[in-house]
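Protein chains get the first letters and strands the later ones, always in sequence-line order, with residue 1 at the start of each. Computed from heavy atoms alone, side chains included, the values below leave out hydrogens, waters and symmetry copies.
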Number of protein chains: 2
Amino acid sequence: MDSESHRPRQVGRGAKVRDAVHAATLAELVEKGYAALTVEGVALRAGVHKTTLYRRWADRESLVADALADLSAMDVPIPDTGSIESDLRELARSLVRMMTAPKGRALLAAMFSGAADVPGVAEARRQVFDDRFRRAEPVVARAVERGELPEGTDPSELLKALAAPVYFRLLVTGDPVDEITAERAALLALAAARAGALRRR
Amino acid sequence: MDSESHRPRQVGRGAKVRDAVHAATLAELVEKGYAALTVEGVALRAGVHKTTLYRRWADRESLVADALADLSAMDVPIPDTGSIESDLRELARSLVRMMTAPKGRALLAAMFSGAADVPGVAEARRQVFDDRFRRAEPVVARAVERGELPEGTDPSELLKALAAPVYFRLLVTGDPVDEITAERAALLALAAARAGALRRR
DNA sequence: GCTGTAACGCAACTTGGAGTTGCAATGGAT
DNA sequence: ATCCATTGCAACTCCAAGTTGCGTTACAGC
């Protein structure tokens, strides 16, 4: 607890180094992936000596985990526009924005280049997926109540149908992901839901 | 060229070793991923000495690439049942079968744990995705001609909509992927296409 | 502006897996 | 039974991870 009170000194240098290292780690993740990320490479890019990294972070995994730590800063509010169409569009757009931002791209790079089971990365994944999905489910529930979607529409299935095309392009094909992708994903999920293809089993 | 004629001897031992090493490589890929795959680990599992691997394969990358080489054996015929619904169902089912089979799981593990840019792996990916997608496009074209789908439906978009939920579960969530997944993916893609959400822009 | 101390730079380690080499042992085809 | 390609084995080099001891720098407080 209160780490501020008994170590009030030397915050300037430390903070600068930490930020530089975080930025360097994210950049290396995006450029080379986790497998090819070396501690010396990060140190060099951050303009810092290797030993300094090992004094502040336990190992390579901690380094990456910490750089990805506060994904909560990227967390977006859940829309409630009164229309399922614009709600879904908004959800898709913020997903695209998140995953094309540097931190999102670094998270993807980490998760899909060998760091999937690193504790910190797995936690970041949970934060971005599970939590976000759970928080978005009321959007679907409200649409069902308003009669915009068929009774029995599965919120989880609909949200997965919304996100799947975006991730498919990000991970499998390598097609550009932009607002048009979000738009089409929203329309696709909406059409399927209206047709009753996303009902609870 | 004719490698059979001037090296007719010693095929028995070599073939046995090759098969054992291939199997061991695929197993290690699935269990640990590419990043954590060690040559000594493969050698140990295959019951073979490390040096033997380095004499038959140039390096770790070649080892993995060769183990994944003949994905053509997994290639499935393109359905033409006369109905887009059963065609899509069949496509989704064979996709699920392919990706839950040992070789498919190993391919996924290789592609998404650090070996994405290894030449042989990239080629296998191309073979499984691009080629297969291109070959499946006539299925959609025929359905449009039959009037089952709206004019202007984009074959590529429809096939991506079909595959996306499957890969989403395989790669992002870790939900089980089975016939039900295939069924739902087919219904989802079909509903979206019928609603005109997958038209060419 | 001076000083004390925490944080940093530096060099020299150990460890472990990739990849190599020379030589001895083995086993299948003839 | 013999031959020789293939395999087993041990002893290497190389590189990045991670560690340690000590000298150096730069900020906080006075």
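- The two atoms that bring A:Thr81 and A:Ser86 nearest to each other are OG1-OG, 2.6 Å, heavy atoms only.
- Between the CG atom of B:Leu53 and the C1' atom of D:dG8 there is a distance of 12 Å, rounded to whole Å.
- Five base pairs at each end of the helix from C:dG1-D:dC30 to C:dT30-D:dA1 define two local axes, and these are offset by 30° (rounded to 10°).
- If you check every strand for non-hydrogen atoms under 4.0 Å, A:Leu37 touches sugar and phosphate atoms only.
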Under the side chain to side chain contact (heavy atoms under 4.5 Å, CB included) criterion, do B:Glu40 and B:Leu44 qualify, and how do the steps go? CA-CA 6 Å; B:Glu40 294 196 4; B:Leu44 201 69; over 6 Å; no
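- With hydrogens and angles left out, the side-chain atoms of B:Arg132 and B:Ser94 include a donor and acceptor closer than 3.5 Å.
- Atom CG of A:Asp19 and atom P of C:dC8 are 12 Å apart (whole Å).
- What separates CG of B:Leu63 from C1' of C:dG19 is a distance of 13 Å, to the nearest Å.
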Could you go through the side chain to side chain contact (heavy atoms under 4.5 Å, CB included) check for B:Thr173 and B:Phe168 one step at a time? CA-CA 7 Å; B:Thr173 78; B:Phe168 188 69; 3.6 Å; yes
Let's go through A:Glu31 and A:Arg45 carefully: what are the C-alpha distance in whole Å and the side-chain angles of both, what is the deciding distance for salt bridge (charged side-chain N to carboxylate O under 4.0 Å, His left out) to 0.1 Å, and is it a yes or a no? CA-CA 12 Å; A:Glu31 284 183 21; A:Arg45 184 190 279 254; 2.9 Å; yes
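- Positionally, the nearest nucleotide of DNA chain D for B:Gly47 lies more toward the 5' end than for the other of A:Thr38 and B:Gly47.
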Dump every N/O contact between nucleotides 18-24 of chain D and the protein below 3.5 Å, one line per pair.
from   : atom 1 : to      : atom 2 : distance (Å)
D:dG18 : OP2    : A:Tyr54 : OH     : 3.4
D:dG18 : OP2    : A:Arg60 : N      : 3.1
D:dG18 : N7     : A:Lys50 : NZ     : 3.4
D:dG18 : O6     : A:Lys50 : NZ     : 2.9

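- One interatomic measurement links the two molecules: NZ of B:Lys16 to P of C:dA29, which rounds to 11 Å at whole-angstrom precision.
- For B:Phe129 and B:Tyr167, the ring centers sit closer than 6.0 Å to each other.
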B:Arg201/B:Glu157 under side chain to side chain contact (heavy atoms under 4.5 Å, CB included): CA gap, chis, key distance, verdict: CA-CA 10 Å; B:Arg201 335 182 190 182; B:Glu157 285 294 322; 4.2 Å; yes
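- A cation-pi arrangement, defined by a distance under 6.0 Å to the six-membered ring centre and an angle within 45 degrees of its axis, is present between B:Arg60 and B:Tyr34.
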Would A:Leu91 and A:Val76 count as a side chain to side chain contact (heavy atoms under 4.5 Å, CB included) if you check the C-alpha gap in whole Å, the side-chain angles of each, and the deciding distance to 0.1 Å? CA-CA 9 Å; A:Leu91 281 173; A:Val76 201; over 6 Å; no
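- One can place NE2 of A:His49 at 14 Å from P of D:dT25, the figure rounded to the nearest angstrom.
- Across the protein-nucleic acid pair, A:Leu44 atom CG and C:dC10 atom P stand 11 Å apart, rounded to whole Å.
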